K.L.:
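Pasting in a structure now, in structure tokens, and then I'll have a few things to ask.
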Amino acid sequence: MSISSQEICILPNKNNLALLQTNGMPGNLYNICSNLPATPTRLERLLRDRELRKYSKCLNDCEAELPSSTQDCFSPDLETSTCWFNDEELLEPVSASRSLNDDGERLDFRASKQRLLVVANRLPVSAVRHGEDSWQLEMSVGGLVTALLGVKEFDTRWIGWAGVNVPDEIGQKALAKALDEKLMQRCIPVFLDEEVVHQYYNGYCNNILWPLFHYIGLPQEDRLATTRSFQSQFDAYKKANQLFADVVNEHYEEGDVVWCHDYHLMFLPKCLKERNSKMKVGWFLHTPFPSSEIHRMLPSRLELLRSVLAADLVGFHTYDYARHFVSACTRILGLEGTPEGVEDQGKLTRIAAFPVGIDSERFIKALELPEVQDHMKVLKQRFAGRKVMLGVDRLDMIKGIPQKILAFEKFLEENPNWRNKVVLLQIAVPTRTDVPEYQKLTSQVHEIVGRINGRFGSLTAVPIHHLDRSLDFHELCALYAVTDVALVTSLRDGMNLVSYEYVACQESKKGVLILSEFAGAAQSLGAGAILVNPWNVTEVAYSIGYALNMPADEREKRHHHNFKHVISHTAQEWAATFVSELNVTIVEAQLRTRQIPPPLPIEVAVDRYSCSNNRLLILGFNATLTEPVDTLGRKDSQINEWEPKLRPDLQEPLRKLCDDPKTTVLILSGSARNVLDDNFSDYNLWLAAENGMFLRVTTGDWMTTMPENLSMEWVDSVKNVFEYFTDRTPRSQFEVRETSLIWNYKYSDVEFGRLQARDLLQHLWTGPISNASLDVVQGRRSVEVRSVAVTKGAAIDRILGEIVHNKGMKEPIDYVLCIGHFLTKDEDIYTFFEPELPSEVPASVRPQVPTQVRTSTAGSRAALLLKQNSMSAVEQNKSYSIDGDTLHLMVTDRISFQEGSSVLDLQANDYFSCSVARKRSNSRYRLQSSDEVVTLLRELADHR
């Protein structure tokens with residue numbers, strides 16, 4: 001695949017950015033790439049990376065002989081060269097399709113492997129201690145180990161707990177040495193003490209998270225005890241995750257990919273990112289993720305979700321699990337879910353589905369081995385003349401073994417002709433044998449098997465062969481190969497790779513797969529398998545009969561579909577796809593970071609403030625000077641949201657700033673006049689309500705800056721629509737202001753509110769405002785309808801002109817600080833003060849001292865009456881002392897429009913526009929929250 005020069009984006013380096021800043025463009029440089037070639041899309045990057053992997057594999061197949069066995073994925077003999085380009089490297093103009101360079105020399109496309117740090121709860125080996133400083137290592141079994149077995153795309157390091165308690169330093173050093181010597185430094189142990197393991201692994205992971213993620217409720221007698229011990233277990237969980245993070249940080253090298261696995265390490269991404277925000281971190285869950293209604297029962301639900309969101313990429317086996325996770329973040333954290341993932345203040349965590357696979361080639365080649373052929377011969381002779389059904393499961397509550405056996409019993413009841421012609425082989429691998437619930441399950445299964453064998457068996461044959469043990473690899477492959485029907489009846493399963501292994505071994509016999517619809521594999525193999533609800537014993541029994549009697553051509557079609565999927569969606573491809581997606585996500589995050597304004601340099605802003613003589617501070621109100629509120633409406637946050645109050649810790653610094661004769665403070669807000677009066681009447685400052693349409697100094701009366709021809713005839717029709725949707729949307733509310741109407745669904749059910757907002761907008765655009773000159777401003781969870789001329793940017797010049805006239809300013813304004821949590825529609829105020837923008841009128845013809853013009857017309861009187869009619873009852877009872885029939889209007893012609901800007905004498909370094917809690921903004925800088933606003937204003941107040 002050729003990479004053309006048009007696909008390469010030459011991004012600005014640090015020197016270019018510094019040069020642009022030196023030339024008078026400080027702060028946000030998000031537009032600097034506008035004239036550069038378009039960067040490749042996510043799909044283009046992923047497709048290109050996929051082609052490079054195929055090309056690399058082709059080179060490897062031609063130039064190196066692949067090993068016949070891939071059971072030991074950590075053997076140095078198995079390392080083969082692979083072509084891997086980071087997306088950062090793809091920004092360089094290279095071509096992967098050329099075989100010769102400019103000098104005619106052959107190019108080597110195979111770059112060094114990317115280091116992959118796989119962090120899981122357990123190492124892929126089990127350690128047994130012999131003496132003080134001697135250890136025996138054995139390969140572990142498990143879904144993750146099986147999935148990653150044979151993955152050779154990366155230079156892999158595995159970090160995890162060795163499964164044993166090693167309290168002494170001598171033993172720890174000996175184990176680490178044994179791992180280094182035998183596994184070439186591929187396995188790095190994490191040492192956990194016995195108490196942490198008990199609380200973290202046996203407690204929080206296995207008794208709380210695992211049952212919850214599999215929709216299993218706690219036994220009634222254990223609920224109170226679990227509630228009491230929850231906090232100590234969660235503390236141990238966080239401590240263990242931090243210990244994992246410490247080991248990762250110790251072995252991390254720049255450019256490494258850190259891949260965290262499973263519910264044991266949900267806190268790890270946050271620990272890693274807090275240490276190194278540039279680290280590439282992915283997290284993958286191997287179990288189901290429950291619906292938000294289940295997950296919200298966790299007392300630690302908020303912390304776990306936010307910790308996982310610290311990762312750059314979050315992966316799940318199926319789309320359903322990913323959808324549940326996004327829904328939990330939306331409903332529990334109040335964040336915005338997008339088609340790409342979850343967004344929090346401009347930071348996007350990508351959420352995607354990556355169905356895991358197996359090393360299918362390993363199973364296919366194993367069928368040719370002599371030992372496997374011998375096992376197959378014995379099994380065929382043992383069960384000659386009988387159809388073989390197979391179940392391979394861990395002896396676990398979620399695997400549905402009792403349901404499977406009961407369904408088989410029902411099949412034998414309803415089909416007596418099959419009683420001596422079919423046998424069920426159930427392999428039940430023991431697990432957690434010391435847990436009472438598992439001991440009870442074992443007894444239950446044994447009882448059912450004994451009853452069925454006694455009922456339908458004979459002295460020479462029984463219908464069920466049940467084994468409470470695991471099989472070695474060769475025995476398992478042989479058993480897969482001779483089986484006619486595989487039965488997977490999981491009640492809830494993350495993926496279930498047994499179904500994949502069975503299909504891989506069935507190329508000759510083409511057996512039938514009966515698969516539970518609650519297993520993740522049903523999303524991938526559902527088209528070729530017979531899907532069943534394991535709780536419906538009658539349905540499963542019928543499916544058994546259908547599978548045993550299935551015609552050969554149908555069996556072949558079903559098998560062909562599944563076999564094609566298994567051999568193409570391998571574990572190697574799964575790992576390569578995840579890491580490729582993570583690399584692309586990092587590149588896109590870097591591009592987005594270039595669009596995010598940098599943090600406000602508070603020291604510089606304060607220093608320029610102290611050096612200036614005539615300062616203007618423009619401050620927003622909501623989410624800027626108010627207390628942060630809970631977006632989910634708990635406690636009294638909803639009341640606080642509708643009745644915003646000035647933060648108590650801002651009262652003193654704000655008063656100091658207002659009393660400074662060199663400083664003019666303007667509160668510019670979308671709030672109504674009475675809200676600003678209630679909060680700021682005691683301060684010596686200017687108030688601009690309803691996006692600047694009403695203005696007053698706190699020692700004077702309200703005046704309007706609205707254009708004379710502003711029509712409000714649309715209010716009643718829009719108000720009726722808002723009333724209708726408020727009645728139909730619980731916990732929503734609408735507010736009638738004098739120049740706009742706002743419908744807010746912030747505290748409604750997130751998904752329902754979003755649907756209602758969509759219907760509301762459709763109704764507005766096709767109904768009452770279809771021919772009106774209005775703006776519909778869509779906030780995060782609000783819809784506002786206002787006249788076209790009603791924006792903060794449109795009003796600021798008229799406001800500035802009135803301030804200059806009222807104060808009789810002779811000295812030009814030489815410092816402007818504009819801070820706010822403004823909607824995108826109102827961010828035109830940031831560009832108003834930019835010194836680089838060309839002026840509409842030459843400075844030589846600008847009036848240096850603007851003249852305030854007041855008019856009294858019939859039109860103004862009509863506008864006044866219209867405004868009074870649109871006020872709420874509370875506002876109508878307030879006295880604003882408007883002089884007779886005269887409105888304090890400012891003329892909107894060319895001369896009046898330049899009145900405010902004519903008094904500005906700003907240098908680039910004396911203007912600071914700053915968004916609050918918004919990462920996507922046209923401002924030069926940003927502040928994370930109103931807490932940083934408090935810090936800034938305190939600093940300014942101390943440097944008057």
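Model, not experiment: these values are computed from the prediction.
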K.L.:
Should Q114 and N583 be marked as a side chain to side chain donor-acceptor pair (under 3.5 Å) after you check the CA-CA gap, both sets of side-chain angles, and the distance that decides it?
P.N.:
CA-CA 11 Å; Q114 186 174 27; N583 282 317; 3.2 Å; yes
K.L.:
Kindly indicate, with the supporting measurements, whether the criterion side chain to side chain contact (heavy atoms under 4.5 Å, CB included) is fulfilled by Y502 and L476.
P.N.:
CA-CA 9 Å; Y502 170 72; L476 186 61; over 6 Å; no
K.L.:
Does one side chain, of S300 or Y237, offer a donor that lies under 3.5 Å from an acceptor on the other?
P.N.:
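No donor-acceptor contact under 3.5 Å links the two side chains.
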K.L.:
Once you measure the plane-to-plane angle for F325 and F316, does it fall in the parallel (<30°), tilted (30-60°) or perpendicular (>60°) bin?
P.N.:
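Tilted: the ring planes of F325 and F316 meet at 30° to 60°.
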K.L.:
Would you say the side chain of M376 lies within less than 4.5 Å of the side chain of V372, judging by non-hydrogen atoms?
P.N.:
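The answer is yes, as the side chains (C-beta and beyond) meet within the 4.5 Å cut-off.
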K.L.:
Taking the side chain as C-beta and beyond, is there a heavy-atom pair between I544 and V485 under 4.5 Å?
P.N.:
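When only atoms from C-beta onward are counted, V485 and I544 do not touch, as no gap falls below 4.5 Å.
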K.L.:
Would you say that more than 12 heavy atoms from the other residues, nucleotides or ligands in this model lie under 6.0 Å from the OH of Y215, or not?
P.N.:
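Count over threshold, so yes.
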K.L.:
Give a yes or no on whether the backbone of N202 and the side-chain of N207 come within a donor-acceptor separation of less than 3.5 Å.
P.N.:
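Present.
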K.L.:
Could you grab the distance from atom CG of L515 to atom OG of S543, nearest 0.5 Å is fine?
P.N.:
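So the CG of L515 and the OG of S543 are separated by 11.0 Å.
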K.L.:
Could you give the distance from OG1 (T570) to CD1 (I358), rounded to the nearest 0.5 Å?
P.N.:
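Nearest 0.5 Å value for the OG1-CD1 distance: 9.0 Å.
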K.L.:
Between CG of D359 and CG of L497, what distance do you get to the nearest 0.5 Å?
P.N.:
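Reported to 0.5 Å precision, the distance equals 11.5 Å.
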K.L.:
How about L479 and C505: do any of their side-chain heavy atoms sit closer than 4.5 Å?
P.N.:
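They are not in contact (no side-chain heavy atoms under 4.5 Å apart), so the answer is no.
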K.L.:
Specify the closest pair of heavy atoms between P355 and W574, including all atoms of both residues, with the distance to one decimal.
P.N.:
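For P355 versus W574, the nearest heavy atoms are O-CD1, 3.5 Å.
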K.L.:
Going through the checks in order, is the salt bridge (Lys or Arg N to Asp or Glu O under 4.0 Å) test met by E303 and K238?
P.N.:
CA-CA 10 Å; E303 293 174 273; K238 292 191 289 185; 3.8 Å; yes
K.L.:
Drop me the distance from E581's CD to R350's CZ, to the nearest 0.5 angstrom.
P.N.:
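Between atom CD of E581 and atom CZ of R350 there are 4.5 Å.
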K.L.:
Of all the heavy-atom pairs spanning F284 and H286, show the shortest one and how long it is.
P.N.:
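Minimum heavy-atom separation between F284 and H286: CD2-NE2, 3.6 Å.
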K.L.:
Is the closest side-chain heavy-atom distance between Y500 and M495 below 4.5 Å?
P.N.:
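When only atoms from C-beta onward are counted, M495 and Y500 do touch, with a gap below 4.5 Å.
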K.L.:
Would you say the side chains of H375 and H474 form a donor-acceptor pair under 3.5 Å?
P.N.:
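There is no such pair between these side chains.
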K.L.:
How long is the straight-line distance from OG of S360 back to CD of E507, given to the nearest 0.5 Å?
P.N.:
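The CD atom of E507 sits 11.0 Å away from the OG atom of S360.
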K.L.:
Any side-chain heavy-atom pair from L309 and L335 closer than 4.5 angstrom?
P.N.:
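Side-chain contact under 4.5 Å: yes.
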K.L.:
Check whether K273 reaches the backbone of M279 with its side chain - one donor and one acceptor, N or O, closer than 3.5 Å.
P.N.:
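Flag set: sc K273 to bb M279 pair under 3.5 Å.
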K.L.:
Using side-chain heavy atoms (C-beta onward) and a distance below 4.5 Å, is P124 in contact with C187?
P.N.:
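P124 reaches C187 side chain to side chain.
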K.L.:
What are the two closest heavy atoms between G400 and T489, and how far apart are they?
P.N.:
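Of all heavy-atom pairs spanning G400 and T489, the closest is O-OG1, 3.0 Å.
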K.L.:
Give the C-alpha distance, both sets of side-chain angles, the deciding distance and a yes or no for side chain to side chain contact (heavy atoms under 4.5 Å, CB included) between I364 and I567.
P.N.:
CA-CA 10 Å; I364 295 173; I567 62 175; 4.0 Å; yes
K.L.:
Would you indicate whether the side-chain heavy atoms of S307 and M266 approach each other to under 4.5 Å?
P.N.:
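Not in contact.
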K.L.:
Kindly determine whether T287 and L209 satisfy side chain to side chain contact (heavy atoms under 4.5 Å, CB included), including the steps that lead there.
P.N.:
CA-CA 10 Å; T287 69; L209 289 184; over 6 Å; no
K.L.:
Between the main-chain N or O of V388 and the side-chain N or O of D484, is there a donor-acceptor pair closer than 3.5 Å?
P.N.:
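Flag set: sc D484 to bb V388 pair under 3.5 Å.
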K.L.:
Under the 3.5 angstrom rule, does the side chain of T330 hit a backbone N or O of V326 as a donor-acceptor pair?
P.N.:
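Checking the backbone N and O of V326 against the side chain of T330, a donor-acceptor pair under 3.5 Å is found.
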K.L.:
With side chain to side chain contact (heavy atoms under 4.5 Å, CB included) as the test, pick out the partner of Y438 among L395, T433, D396.
P.N.:
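Running side chain to side chain contact (heavy atoms under 4.5 Å, CB included) over L395, T433, D396 with Y438 returns exactly one hit, D396.
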K.L.:
Give a yes or no answer on whether the side chain of R301 reaches the backbone of R296 with a donor-acceptor pair at less than 3.5 Å.
P.N.:
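The answer is yes, because a donor-acceptor pair under 3.5 Å joins these two groups.
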K.L.:
Can you name the closest pair of heavy atoms from A504 and V566 and give their distance?
P.N.:
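For A504 and V566, the tightest heavy-atom pair comes out as CB-CG1, 4.2 Å.
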K.L.:
Is the side chain of R394 donor-acceptor paired with the backbone N or O of V429 at a distance under 3.5 Å, no angle test?
P.N.:
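No: the side chain of R394 does not pair with the backbone of V429.
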K.L.:
Report the relative orientation of the aromatic rings in H261 and W259; use parallel for angles under 30°, tilted for 30 to 60°, perpendicular for over 60°.
P.N.:
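Taking W259 first and then H261, their aromatic rings sit tilted (interplane angle of 30° to 60°).
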K.L.:
Sequence neighbours left out, what passes ring-ring contact (aromatic ring centres under 6.0 Å, His included) with H295? Give chain and number order.
P.N.:
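H295 satisfies ring-ring contact (aromatic ring centres under 6.0 Å, His included) with F289 once adjacent residues are dropped.
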K.L.:
Tell me, with the steps shown, if D393 and K404 meet salt bridge (Lys or Arg N to Asp or Glu O under 4.0 Å).
P.N.:
CA-CA 11 Å; D393 308 277; K404 178 190 306 183; 2.7 Å; yes
K.L.:
For the pair D344 and R306, evaluate side chain to side chain contact (heavy atoms under 4.5 Å, CB included) and give the outcome as yes or no after the intermediate values.
P.N.:
CA-CA 10 Å; D344 183 11; R306 289 204 174 276; 3.2 Å; yes
K.L.:
Only pairs at least two apart or in different chains count here, so list each side chain to side chain donor-acceptor pair (under 3.5 Å) that has a residue in residues 511-523.
P.N.:
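The answer is D320-Q523.
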K.L.:
Donor-acceptor pair, H559 side chain versus R555 backbone, under 3.5 Å?
P.N.:
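No, H559 side chain to R555 backbone: no donor-acceptor pair under 3.5 Å.
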K.L.:
Is the backbone of T483 close enough, under 3.5 Å, to the side chain of Q506 for a donor and an acceptor to pair up by distance?
P.N.:
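Indeed, once roles are kept as given, a pair shorter than 3.5 Å links the two residues.
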K.L.:
Going by heavy atoms in the side chains, are S490 and F518 under 4.5 Å from each other?
P.N.:
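Not in contact.
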K.L.:
Taking atom types as modelled, is there a side-chain donor on Y200 or N121 under 3.5 Å from an acceptor on the other?
P.N.:
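A pair is found: one side chain offers a donor N or O, the other an acceptor, under 3.5 Å apart.
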K.L.:
Can you measure from CG (D493) to CD1 (I398) and round to the nearest 0.5 angstrom?
P.N.:
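Taking CG in D493 and CD1 in I398, the distance rounds to 4.5 Å.
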K.L.:
How close do F244 and G160 get, heavy atom to heavy atom, and via which atoms?
P.N.:
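In terms of heavy atoms, the two residues are closest at CE2-CA, 3.8 Å.
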K.L.:
Could you report the tightest heavy-atom contact between A547 and I514, atom names first, then the distance?
P.N.:
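Scanning both residues completely, I find the closest heavy atoms to be CB-CD1, 4.0 Å.
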K.L.:
In terms of heavy-atom contacts, does CD of E556 have more than 12 from other residues, nucleotides or ligands at under 6.0 Å?
P.N.:
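No, not enclosed.
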K.L.:
Verify, without hydrogens or angle tests, whether W158 (side chain) and I188 (backbone) share a donor-acceptor contact under 3.5 angstrom.
P.N.:
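Not confirmed, W158 side chain does not pair with I188 backbone.
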K.L.:
Hey, does the side chain of K399 reach the backbone of A428 with a donor-acceptor pair shorter than 3.5 angstrom?
P.N.:
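No, the answer is negative, given that no donor and acceptor are paired below the 3.5 Å cut-off.
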